Every structure is written in structure tokens, then in C-alpha cells.
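Order of appearance sets the numbers: ligands from 1, and atoms from 1 within every ligand. Everything quoted here is computed from the prediction, not taken from an experiment.
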Amino acid sequence: MSSLSYNDNSVSAVAEVGDEIQLSLQGITKVFPGKKDWMSKLLRRTSPDFMALDEISLDIKHNKFVSIIGPSGCGKSTLLNIIAGLASPSSGTLLMNGYSLEGPGPDRGLVFQNYALMPWMSVEGNIAFALETVAPTMPKVQQKRAVKENIELVGLTGAEKKHPHELSGGMQQRVGIARALAINPQVLLMDEPFGALDALTRGFLQEEIERIWDQQRKTVIMVTHSIEEALLLSDEIIMMTRGPGAQVDEILEVPFPRPRKREEVETHPEYNNLKLEMEQHLYRETRAVEKSRL
Ligand SMILES: Nc1ncnc2c1ncn2[C@@H]1O[C@H](COP(=O)(O)OP(=O)(O)OP(=O)(O)O)[C@@H](O)[C@H]1O
Ligand SMILES: [Mg+2]
């Protein structure tokens with residue numbers, strides 16, 4: 001049975017798989033309101049409402065590595081931000097372990113594409129700041145230990161006192177990952193975490209993230225544009241349709257054994273079929289977006 005089910009938000013469907021489900025999205029819709037105020041009307045600059053997501057329902061099981069892929073602008077970041085609690089859905093419900101989620105919380109850690117580090121803070125300062133914000137009552141000794149352990153985990157020992165401008169893009173993203181993991185979230189959310197990196201660094205960090213995931217076994221939800229990256233890292237790949245009103249088109253199960261080695265994954269008998277299916281999906285959806293612009 002698939003560990004993910006979608007577009008079925010009935011209570012019985014949730015109860016059937018019981019407590020294995022960690023995160024349940026039920027009918028998540030997001031409408032960005034258009035401009036309709038009197039000033040916009042006066043200047044003839046009104047705009048209609050925009051429905052980015054249309055009734056997305058998904059169940060994500062514990063400890064799975066799930067990727068979200070879809071044409072540019074379809075609503076992947078909007079969906080991830082809703083899960084992170086940084087944006088609220090216009091309608092629908094988000095449940096974590098059966099409980100309703102509202103707003104951000106320490107149970108979810110977010111890694112941004114552009115690192116989003118505090119430039120005036122050192123590596124350890126950035127991580128400690130996240131801990132102080134999320135767990136202000138944590139004793140200093142424990143906080144220091146969490147900072148140290150996570151710096152070690154992402155391979156940045158020796159760079160603790162450096163500031164972001166002294167680090168390469170890959171190292172900055174390691175800080176971003178350490179910062180998200182330091183709060184010990186149940187779910188790690190990553191929005192195109194390696195998108196801004198060169199191919200070599202990207203490949204290296206992909207391997208690192210698999211190692212970290214293997215060690216920590218957290219649920220990971222990663223938005224990516226890269227088919228190869230999704231196939232290398234994921235247990236399941238959620239393919240979204242184009243917007244407006246994006247939905248889940250299909251969920252692919254990735255059967256490759258773990259730990260994964262890039263060469264073994266790429267020579268797996270299922271690799272080319274899955275890759276082709278994803279390419280066709282992205283091509284079809286992107287072409288439809290381009291056509292609608294003509
Ligand atoms: N604050 C906003 N107000 C109005 N529309 C928005 C807002 N944020 C996003 N959108 C629109 O919602 C749609 C989805 O945006 P989103 O950033 O989630 O897409 P995406 O799939 O992450 O794109 P990309 O692959 O380029 O990162 C886009 O059409 C975007 O223009
Ligand atoms: Mg995005």
C-alpha cells in the first residue's frame with residue numbers, strides 16, 4: 001500500500017492507516033486576494049483573486065523522504081509555507097499526528113533556498129539564535145551541546161566562529177540545515193535547498209542530506225526542480241499540476257534500496273521509467289502553462 005494517499009480527505013481514510021500518518025493535509029486551498037481597494041479602483045489597478053492551490057489532500061507517513069515537483073509557479077513554495085505555518089490556507093485543515101496545526105512551531109524546521117542566515121551572526125550564533133527563539137527556556141549547557149552536535153552533523157566543525165560572508169554557498173546551506181535540525185523538528189521542510197549551488201557542491205550535499213536523514217530518520221518534505229535529485233533522495237515524489245488551482249496529479253513510489261549510491265540508483269531497472277514519467281509530466285504541465293500565455 002502506498003504510504004501516501006491524496007485527494008481523499010474522508011475521516012475513514014485517515015483512521016484506516018492509523019497513527020503511521022504524521023502529517024495530513026485535508027482540502028488545502030489557497031487563494032491570494034486581488035487588489036480591490038478604492039485606491040486601486042481609482043487608479044484602475046484592480047486585480048482578481050488568484051487561486052494557487054485547489055483542495056490539496058495528502059497523507060504523509062512518519063520518517064518518509066518526500067519530494068514535491070511541479071512546473072515553475074504552480075504553488076510548491078505556497079504549499080510548503082502552509083505546512084511550515086508561515087502562510088495560512090484559505091480553507092482546509094492541516095493535522096500533525098492527528099492534531100490541528102496553526103502557525104509555525106518547533107515541530108517543523110524549514111531550510112530556505114537562499115539560506116536566510118543572519119549576516120552579522122557567526123555560524124554558531126545563527127544556530128543558537130534559532131534555538132533561543134524556539135526554545136527560550138532551554139538551559140544554556142543543553143543549547144551549546146545542540147549547537148555543537150549539529151555543526152558536527154553537517155560537517156562544519158572548525159567554522160563555528162565564521163560569518164556567512166566568509167562561507168561558500170554550500171557551507172552556508174549546511175548552516176541552514178544545521179539550524180533547522182538543531183530545534184529537533186519532527187518534520188524537516190526544504191524549499192529547493194540546493195537550487196543555488198553549483199553541480200558539484202549540490203551532488204555532495206545531496207549525499208550529505210541522505211546520510212543525515214539516515215542517521216536521524218526525520219520526515220522530510222523537499223521541494224525540488226531536479227528530477228535526478230528527487231529520484232536519488234525520495235521515497236515518494238508528489239507531482240503537482242500547473243496552477244492556477246494546482247492539485248496533486250500523481251504520487252510516485254521510489255523503490256531504490258537504501259543507503260543509495262548515485263551510480264546504483266541510475267542503473268536500477270526502474271530508474272529510466274520513473275525519470276521518463278516525471279519528464280513527461282513536467283513537459284506536459286510546462287507546455288500547458290506556456291500555451292496559456294500565448
Ligand atoms: N503573496 C502572493 N500574492 C499573490 N500571488 C502569489 C503570492 N505568492 C505566490 N503567488 C502566486 O501563487 C503561485 C504559486 O507561487 P509559488 O511561489 O508557490 O510557486 P512555486 O511552485 O514555488 O514556483 P517556483 O518553482 O518558481 O519556485 C504563483 O502564480 C505566484 O505568482
Ligand atoms: Mg518556489
Note: [X]-[Y] ion pair, threshold 4.0 Å (strictly below):
X	Y	answer
E132	K140	yes
D191	K76	no
R287	E290	no
E266	K275	no
K148	E160	no

Suppose we measure from [atom] to each protein heavy atom; which comes out shortest, and what is that distance?
atom	result
atom 8 (N) of ligand 1	F32 CZ, 3.4 Å
atom 30 (C) of ligand 1	F50 CE2, 4.7 Å
atom 25 (O) of ligand 1	K76 NZ, 2.8 Å
atom 26 (O) of ligand 1	S72 OG, 2.7 Å

Practice item. Identify, by atom number and element, the atoms of ligand 1 in contact range of S77, meaning under 4.0 Å from any of its heavy atoms. Key: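 The atoms of ligand 1 under 4.0 Å from a heavy atom of S77 are 17 (O), 18 (O), 20 (P), 22 (O).
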
Any N or O on [X] sitting closer than 3.5 Å to an N or O of ligand 1?
X	value
C74	yes
A52	no
G73	yes

Review point. Judged by modelled atom types alone, do S122 and E124 share a side-chain donor-acceptor pair under 3.5 Å?
Key: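 Looking only at side-chain atoms, E124 and S122 do not form any donor-acceptor pair under 3.5 Å.
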
Practice item. Anything protein N/O/S under 2.8 Å from the Mg ion (ligand 2)? Just list residue and atom, please. Key: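 The answer is S77 OG.
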
Check your understanding: For ligand 1, which part of M240 has a heavy atom less than 4.0 Å away: the side chain, the backbone, both, or neither?
Key ->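 Answer for M240: neither.
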
Exercise for review: Mark yes when over 12 heavy atoms from residues, nucleotides or ligands other than K35 sit less than 6.0 Å from its NZ; otherwise mark no.
Suggested key: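 Check fails, neighbour count at 12 or below.
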
Check your understanding: Should the pair Y271 and F256 be assigned to parallel (<30°), tilted (30 to 60°) or perpendicular (>60°) ring geometry?
Key ->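 Geometry flag for F256 against Y271: tilted rings.
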
Point to revise | Sub-4.0 Å heavy-atom approach of K30 to ligand 1 | key: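 For ligand 1, residue contact (heavy atoms, under 4.0 Å) with K30 is absent.
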
**Study point:** Sole candidate of R258, K61, R217 that passes salt bridge (Lys or Arg N to Asp or Glu O under 4.0 Å) when paired with D235
**Key:**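 Answer after filtering R258, K61, R217: R258.
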
Review point. With a distance cut-off below 6.0 Å to the six-membered ring centre and an angular limit of 45° from the axis, does R211 pair with W213 as a cation-pi contact?
Key: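 Not satisfied by the 6.0 Å and 45° rule.
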
Check your understanding: Out of E277, H281, M240, M278, which residue meets the side chain to side chain contact (heavy atoms under 4.5 Å, CB included) rule with E250?
Key ->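 That would be E277; it is the only one of E277, H281, M240, M278 passing the side chain to side chain contact (heavy atoms under 4.5 Å, CB included) with E250.
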
